[in-house]
Protein chains: 2
Amino acid sequence: MKEALLCPRLAKAMELLGKRWTTLIIYQLIDGSKRFNEIESSLPISGRLLSERLKELEKEGLVERTVFSEVPVRVEYNLTDKGLALKDVVGGIESWSKEWL
Amino acid sequence: MKEALLCPRLAKAMELLGKRWTTLIIYQLIDGSKRFNEIESSLPISGRLLSERLKELEKEGLVERTVFSEVPVRVEYNLTDKGLALKDVVGGIESWSKEWL
DNA sequence: TAAAGTAAGTTACATAAAGTAACTTATGTT
DNA sequence: AACATAAGTTACTTTATGTAACTTACTTTA
């Protein structure tokens, strides 16, 4: 393992987006907010990891968490502007996958 | 963990690109072919994983491996059309990182 | 001619991340 | 009282990643 000669911003981006499930979670939120269970049901991810990833994304400011004090409690997640700015990237991956996979 | 209601092509794309180092390796090859050691030196990745990732990328047809029987042997890696088709995606991530990170 | 160097890996082992399933909490409904 | 529900969390197993030493095949240097 050598020192990185790599742009630190790109490295940081890939540390986020290159983590398993992250990009697919963002993809799920691109068309609007979703509840925890909705995301969980749309992806083959466990609650444990989904919770962990959403916390990371919230901490990095890509995702916003809103709690509705109903019974049972409802929690919605949505992309911030920073998260939404990845729309073209995610769309690009989707197009690539349709053309090449 | 639920069943995926997700587009299988996108899932497959993320299985590749969402694996640690993969996208950064592709990024290293976008401007032309590179040798094993060059990639290894440009990224904080170990030879073990770099070898593993390059094999996956070769198997999936994104990367091409060329051996030059010199002494010591020289091996060059370059993107195929399929790999090169990710140029905009990688560029998009780079732009996003510059604007938001 | 034995020792050292070089590129491209591989092996063996330690640590960290992800998968699985059961459990929790705070109400509301039957 | 027992059961249901959303959103997690916990404990434990399995898989992936990190680290560093080793390998191979030939060449140059001492």
Base, sugar-phosphate, or nothing for B/Phe68, non-hydrogen atoms under 4.0 angstrom?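 B/Phe68: no heavy atom of the nucleic acid under 4.0 Å.
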
Check every strand shown and say whether B/Arg20 touches a base, only sugar-phosphate, or nothing at a heavy-atom separation below 4.0 Å. sugar-phosphate

Side chain of [X] only, heavy atoms from C-beta on: which candidate in [options] is closest?
{"X": "A/Arg48", "options": "D/dA7, D/dT17, C/dA21", "answer": "C/dA21"}
{"X": "B/Lys19", "options": "D/dT17, D/dA7, D/dT27", "answer": "D/dT17"}
{"X": "A/Lys55", "options": "C/dT6, C/dG9, D/dT9", "answer": "D/dT9"}
{"X": "B/Trp21", "options": "C/dG28, D/dG18, C/dG9", "answer": "D/dG18"}
{"X": "B/Ser51", "options": "D/dT17, C/dG9, C/dG19", "answer": "C/dG9"}
{"X": "A/Val75", "options": "D/dA7, C/dT27, C/dA8", "answer": "D/dA7"}
{"X": "B/Pro72", "options": "D/dT17, C/dT10, C/dT6", "answer": "C/dT6"}

Would A/Val71 end up clustered with A/Phe36 when hydrophobic side chains under 4.5 Å apart are linked, directly or stepwise?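 Each belongs to a different hydrophobic cluster.
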
Residue matched to C/dT20 through Watson-Crick or wobble contacts both under 3.5 angstrom: D/dA11

Only pairs with both distances under 3.5 Å count, Watson-Crick or wobble alike; so what is the partner of D/dA30 in this structure?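 Base partner found: C/dT1.
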
How long is the line joining [atom1] of [X] and [atom2] of [N], in whole Å?
{"X": "A/Asn37", "N": "D/dT5", "atom1": "CG", "atom2": "P", "result": "11 Å"}
{"X": "A/Arg74", "N": "D/dA7", "atom1": "CZ", "atom2": "P", "result": "9 Å"}
{"X": "B/Leu24", "N": "D/dT17", "atom1": "CG", "atom2": "P", "result": "13 Å"}
{"X": "B/Glu56", "N": "D/dT17", "atom1": "CD", "atom2": "C1'", "result": "12 Å"}
{"X": "B/Glu76", "N": "C/dA7", "atom1": "CD", "atom2": "P", "result": "13 Å"}
{"X": "A/Leu49", "N": "C/dA17", "atom1": "CG", "atom2": "P", "result": "11 Å"}
{"X": "B/Glu38", "N": "C/dT6", "atom1": "CD", "atom2": "P", "result": "16 Å"}
{"X": "B/Leu50", "N": "D/dG18", "atom1": "CG", "atom2": "P", "result": "12 Å"}

Would you say a side-chain N or O of B/Tyr77 is under 4.0 Å from OP1 or OP2 of C/dG9? yes

Is the phosphate of C/dG9, meaning OP1 or OP2, less than 4.0 Å from a side-chain N or O of B/Arg65?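 Checking B/Arg65 against C/dG9: at least one side-chain N or O falls below 4.0 Å of OP1 or OP2.
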
Please report the closest heavy-atom contact between B/Ser42 and B/Lys34, naming both atoms and the distance.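 Heavy-atom minimum between the residues: OG-NZ, 3.7 Å.
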
Quick check: closest heavy atoms across A/Leu17 and A/Thr23, and the distance to 0.1 Å?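 In this case the closest contact between A/Leu17 and A/Thr23 is O-OG1, 3.1 Å.
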
When you compare the side chain of B/Thr80 with that of B/Val63, does any pair of heavy atoms fall below 4.5 Å? no

Main-chain N/O of A/Phe68 paired to A/Arg74 side chain as donor or acceptor, under 3.5 Å: no

In this structure, are over 12 heavy atoms from other groups packed under 6.0 Å from A/Lys82 atom NZ?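 Yes, because the 6.0 Å sphere around NZ of A/Lys82 holds more than 12 heavy atoms from other groups.
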
On DNA chain C, check which nucleotide each of A/Glu52 and A/Val71 is closest to and give me the residue with the more 5' one.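 Going by which nucleotide is closer to the 5' end, it is A/Glu52.
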
